[in-house]
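In listed order, ligands and their atoms are each counted from 1.
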Amino acid sequence: MLNKKKHIFIIGMMGSGKTTLASILSKTLKIPYIDTDQDLSSILGLEITEIFNSLSEKKFRMLESVYFLEHIKNNQHIYATGGGTILEQNNRSAMKKEGKTILLQTSPQELFNRLINDKKNQRPYFEENKNEQYLSELWSNRKKYYIECADYIVETDKKEPFEIANEIIKNLK
Ligand code: S3P
């Protein structure tokens with residue numbers, strides 16, 4: 001059973017559907033949700049790609065982490081985290097301590113299909129490496145961190161968002 005003070009962290013690769021799921025879960029569970037990239041971007045008045053390009057990836061990771069660790073001091077939220085939030089040790093420890101973490105596990109092929117069709121959100125890395133192989137390597141490099149954080153793993157290929165949300169809700173109960 002989910003403690004009322006605990007957050008829900010949705011983690012997974014770029015394009016795994018974290019924001020869509022956070023929004024559905026938020027409506028169903030009546031817990032506010034936040035997309036950390038969108039929020040950070042609007043606070044700074046810069047697109048994520050602009051932060052990467054004008055500052056650096058290292059500075060983006062630092063800002064992302066400071067923002068994340070500060071925001072989770074608030075009341076219970078559902079967090080649609082950035083795909084790389086799990087890279088920082090402090091973020092991983094905070095997830096373990098402050099809530100339940102759900103990993104959306106999506107195949108590189110499915111990620112590729114979604115990202116190539118996502119005209120709205122630009123991802124700095126993917127812009128320069130528009131291929132499945134890149135996503136496959138990124139997943140291999142990061143898998144250990146995603147698994148380390150996850151309290152529950154849900155496979156998302158060939159499932160509708162509502163099915164995935166129901167699976168998560170069952171697990172949280
Ligand atoms: C990143 C994923 C993006 C965003 C940034 C870096 C990554 O978030 O934080 O482009 O390193 O995987 P989404 O997973 O929401 O696309």
Side-chain angles (χ1 to χ4, degrees), residues 7-26 32-72 77-92 94-95 99 101-150 152-157 161 164-165 168:
H7 300 301
I8 299 172
F9 302 108
I10 313 287
I11 61 170
M13 292 274 285
M14 56 180 92
S16 58
K18 297 178 295 271
T19 308
T20 307
L21 255 298
S23 153
I24 299 174
L25 291 173
S26 168
Y33 90 94
I34 192 143
D35 178 306
T36 57
D37 276 346
Q38 276 172 19
D39 206 37
L40 186 60
S41 168
S42 71
I43 290 169
L44 297 173
L46 292 167
E47 296 295 329
I48 299 296
T49 32
E50 288 175 323
I51 306 175
F52 263 71
N53 296 339
S54 57
L55 300 176
S56 64
E57 179 188 347
K58 200 168 165 218
K59 292 221 169 79
F60 168 75
R61 299 287 174 214
M62 208 181 73
L63 288 168
E64 180 183 47
S65 185
V66 168
Y67 161 86
F68 179 67
L69 296 174
E70 202 48 43
H71 201 287
I72 60 174
H77 274 78
I78 297 171
Y79 287 90
T81 60
T85 307
I86 45 85
L87 295 173
E88 294 290 325
Q89 170 68 61
N90 288 344
N91 299 345
R92 298 200 296 275
M95 285 184 209
T101 303
I102 313 290
L103 168 60
L104 303 184
Q105 194 169 327
T106 312
S107 69
Q109 190 185 15
E110 181 72 29
L111 292 174
F112 178 76
N113 291 339
R114 290 196 201 153
L115 292 171
I116 208 81
N117 291 312
D118 185 353
K119 305 281 176 249
K120 214 174 88 208
N121 301 305
Q122 287 208 326
R123 273 86 174 183
Y125 287 139
F126 186 68
E127 288 312 301
E128 293 136 36
N129 301 281
K130 288 196 173 165
N131 59 73
E132 209 181 299
Q133 176 66 19
Y134 165 73
L135 293 166
S136 189
E137 280 165 18
L138 197 64
W139 168 250
S140 296
N141 293 336
R142 291 179 172 181
K143 189 175 171 184
K144 57 180 181 295
Y145 299 125
Y146 286 123
I147 303 284
E148 178 191 320
C149 293
Y152 183 65
I153 301 174
V154 51
E155 304 264 351
T156 68
D157 283 20
I164 303 168
I168 295 173

- Query: Among all residues two or more places apart in sequence or in another chain, which pass the side-chain hydrogen bond (donor to acceptor under 3.5 Å, both in side chains) test with Arg123?
  - Reply: Asp118

- Message: Show the nearest heavy-atom pair for residues Ala80 and Ala22, with the distance to one decimal.
- Response: CB-CB, 3.9 Å

- Could you check whether the rings of His77 and His7 sit parallel, tilted or perpendicular, using 30° and 60° as the cut-offs? tilted

- Query: Around ligand 1, what residues show up once you keep those with a heavy atom under 4.0 Å from it?
  - Reply: Met14, Lys18, Asp37, Ile48, Phe60, Arg61, Gly82, Gly83, Gly84, Arg123, Pro124, Tyr125, Arg142

- Side chains of Thr85 and Asn91, donor plus acceptor under 3.5 Å: no

Just distance, no hydrogens or angles: give the donor-acceptor pairs under 3.5 Å from side chains in residues 10-18, sequence neighbours left out.
from	atom 1	to	atom 2	distance (Å)
Ser16	OG	Met13	O	2.7
Lys18	NZ	Gly12	O	2.9
Lys18	NZ	Met13	O	3.0

- Please name all residues satisfying salt bridge (Lys or Arg N to Asp or Glu O under 4.0 Å) with Glu128, sequence neighbours left out, ordered by chain then number. none

